[in-house]
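To start, the structure itself, in structure tokens.
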Amino acid sequence: MEVLFRSVKELVALAEVQNKPISEIMIEQEMLMTKRSREDIIAQMDNNLTVMENAVEKGLEGVYSTSGLTGGDAVLLQKYMATGKSLCGDLVIDAISKAVATNEVNAAMGTICATPTAGAAGIVPGTLFAVKNKLNPTREQMLNYLFTSGAFGFVVANNASISGAAGGCQAETGSAGSMAAAAIVEMAGGTPQQSAEAFSIVMKNMLGLVCDPVAGLVEVPCVKRNAMGAAKALVGADMALAGVVSRIPTDEVIEAMHKIGQSMPSALRETAKGGLAATPTGKALEAKIFGKDKVDSDSVHS
Amino acid sequence: MKFRSVFDIIGPVMIGPSSSHTAGAARIGRVARTLFGRQPEWARIHLYGSFAETYKGHGTDIAIIGGLLDYDTFDERIKTSFADAERLGLTFEFIPEEEEAEHPNTAKLIIGDSKSVMELTGISIGGGTMEVTELNGFPLRLSGHFPALLIVHEDRAGVIASVSNALAAQGVNIAHMECGRKEKGEMALMVIEVDQFINDALINELEVLAHVTQVSTLAN
């Protein structure tokens with residue numbers, strides 16, 4: 001099969017040797033593997049970006065899920081930011097509010113773009129639309145942000161996992177936060193290697209994160225994990241741009257994530273049987289939402 | 001490589017809440033619908049692993065039914081698929097299973113109408129990407145990334161050659177091919193992923209070949 005890169009090491013080497021940004025390598029690989037034109041690929045990504053913009057906009061107006069577990073926090077965060085009292089600074093609060101906005105829309109069964117999954121869909125757009133206000137990117141640079149995120153996610157998906165059921169939350173919000181960190185670095189003018197360092201720094205701090213959704217819903221703790229994923233992406237990007245490097249190479253960090261996922265018990269991989277889902281309050285919420293027939297063995301609809 | 005496109009990572013555009021449990025599930029249902037060739041009248045759906053534990057919360061059930069009604073992952077009608085199914089004459093039943101499947105997100109769909117029955121097992125491997133792992137008892141690996149031909153035939157010498165000749169004559173290149181049979185001389189299945197668009201003329205040509213019993217297609 002024709003493929004330009006299978007590892008982050010190969011991806012960074014290609015970008016350096018050809019003196020191209022990582023986003024460009026991703027676009028070229030997409031053209032090679034899918035035999036589609038550049039215009040087609042750019043147009044599809046542009047559509048995905050529009051979906052992300054609409055989801056953030058909708059979430060910032062305030063949405064609530066049918067279970068009542070999530071909703072309205074994006075609005076709270078924006079109001080707090082407007083007071084000017086934020087300790088982290090407006091950029092971080094803006095990013096987490098937009099990450100939360102996207103996930104609140106997702107939980108309410110609205111339309112989103114998975115990045116790389118729906119449960120982690122807030123982090124890449126949340127950081128993008130916050131960083132946008134600082135760096136004033138062109139539309140093309142915003143699309144490149146998504147291609148660079150995608151390039152790193154592509155390596156993770158093929159060498160490890162992006163599924164909570166297979167690898168826990170480290171595979172979902174962990175991947176998303178690391179992908180976003182790499183993309184922020186490129187948009188801020190860092191090198192391909194610095195993108196890889198940012199990815200590693202964030203992923204190393206997501207390792208071991210379990211997938212334990214209360215009542216099996218993509219709401220608690222997923223929405224807040226997207227907020228933290230966005231914050232970590234910004235911190236990791238800043239560290240890499242400052243020149244901090246990861247002692248463990250990126251591909252080995254990804255491999256470590258994969259092995260940790262494989263050794264995670266099934267109760268902590270999206271079965272809603274362990275972690276926060278198994279707390280007294282988690283169980284009580286599940287019973288309240290689904291009643292006692294949640295695990296009935298034979299439900300018939302017609 | 002299981003994931004081939006940047007849009008497997010930045011995408012799909014979908015109705016929430018879960019890419020694996022909602023979008024991936026909808027795609028499994030839709031592939032089953034496409035391979036069946038028409039809307040089934042009934043469906044019995046067995047769920048395993050995380051699918052069995054959390055299907056209600058994730059809308060896995062309404063997504064699979066939406067897929068069986070030919071809805072895409074971003075189709076807002078997924079939300080009302082149960083009511084739509086009732087209106088369109090599709091009855092269905094969900095059976096969460098205790099036993100562990102090889103993959104944590106596995107669904108086995110048995111669908112049918114007065115003419116035929118089809119059994120398909122699909123897995124949702126993350127980010128909305130899925131694979132078909134079994135069709136009517138034949139193990140296979142089908143991702144839906146390429147246009148594909150699924151040809152049920154009798155296990156006889158020369159059938160594979162006549163099918164590949166027909167493809168070659170139309171300039172259709174084979175990207176990946178799997179052949180399998182249940183017993184020597186009995187029913188067999190060819191799964192052929194191709195690079196080009198499969199037109200109706202080619203399907204008609206394949207359908208009349210000796211020992212070929214059924215031809216289904218899956219568009220990219």
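Residue numbers begin at 1 in each chain, while the letters A, B, ... track the order of the sequences.
Legend: ring-ring contact (aromatic ring centres under 6.0 Å, His included) pairs involving residues 153-181 of chain A, not counting sequence neighbours, sorted by first then second residue: A/Phe5-A/Phe154.
Residue B/Lys79 qualifies as enclosed at atom NZ: its count of foreign heavy atoms under 6.0 Å is above 12. More than 12 heavy atoms of other residues, nucleotides or ligands shown are found within 6.0 angstrom of CZ on B/Arg38. Counting non-hydrogen atoms of neighbouring residues, nucleotides and ligands closer than 6.0 angstrom, the NZ atom of A/Lys288 reaches no more than 12 such neighbours. Around atom CD of A/Gln262, more than 12 heavy atoms belonging to other residues, nucleotides or ligands sit under 6.0 Å away.
Only the side chain of B/Asn105 comes within contact range of chain A, judged by heavy atoms closer than 4.5 Å. Within the 4.5 angstrom heavy-atom criterion, no atom of A/Lys35 approaches chain B. Contacts between A/Met45 and chain B at a heavy-atom distance below 4.5 Å involve backbone atoms as well as side-chain atoms. With a 4.5 Å cut-off on non-hydrogen atoms, B/Glu76 touches chain A through its side chain but not through its backbone.
Comparing A/Met179, A/Gln29, A/Met109, A/Lys273 by how many heavy-atom pairs each has under 4.5 Å with chain B, the most go to A/Met109. Options A/Ile112, A/Val156, A/Thr115, A/Thr117 differ in how many heavy-atom pairs under 4.5 Å they form with chain B, and the most are formed by A/Ile112. Of the listed residues (A/Gly150, A/Cys222, A/Ser163), the greatest number of heavy-atom pairs within a distance under 4.5 Å of chain B belongs to A/Gly150. Counting heavy-atom pairs closer than 4.5 Å to chain B, the top residue among A/Asn103, A/Ile41, A/Val124 is A/Ile41. Between chain B and the residues A/Ile289, A/Leu146, A/Asn106, A/Asn159, the most heavy-atom pairs under 4.5 angstrom are made by A/Asn106. Comparing A/Asn47, A/Val51, A/Val105 by how many heavy-atom pairs each has under 4.5 Å with chain B, the most go to A/Val51.
Contact residues of residues 12-28 of chain B toward chain A are B/Pro12, B/Val13, B/Met14, B/Ile15, B/Gly16, B/Pro17, B/Ser18, B/Ser19, B/Ser20, B/His21 (heavy-atom distance under 4.5 Å). Taking 4.5 Å as the heavy-atom cut-off, none of the residues of residues 68-75 of chain B approach chain A. Residues from residues 112-137 of chain B that place a non-hydrogen atom less than 4.5 Å from a non-hydrogen atom of chain A comprise B/Ile125, B/Gly126, B/Gly127, given in numerical order.
With B/His58 contributing its side chain and A/Leu217 its backbone, the two residues share no donor-acceptor pair below 3.5 Å. Panel note: side chain B/Arg4, backbone A/Met33; a donor-acceptor pair is recorded below 3.5 Å.
Side-chain contact of A/Glu270 with B/Thr54: a donor-acceptor pair under 3.5 Å is absent, judged by distance alone.
When side chains are defined from C-beta on, B/Phe7 counts as touching A/Asn48, because their heavy atoms get closer than 4.5 Å.
Here A/Gln44 contributes atom CD and B/Ile10 contributes atom CD1; the two are 11.5 Å apart, rounded to the nearest 0.5 Å. A/Arg269 contributes atom CZ, which lies 12.0 Å from atom CD of B/Glu53 (distance to the nearest 0.5 angstrom). Between the CD1 atom in A/Ile162 and the CD1 atom in B/Ile9 there is a gap of 4.5 Å [rounded to 0.5 Å].
Nearest heavy-atom pair across B/Lys2 and A/Asn158 is N-OD1, 3.1 Å. Considering all non-hydrogen atoms of both residues, B/Ser5 and A/Thr34 come closest at CB-CG2, 4.4 Å. Of all heavy-atom pairs between B/Pro104 and A/Ala165, the closest is CG-O, 3.5 Å.
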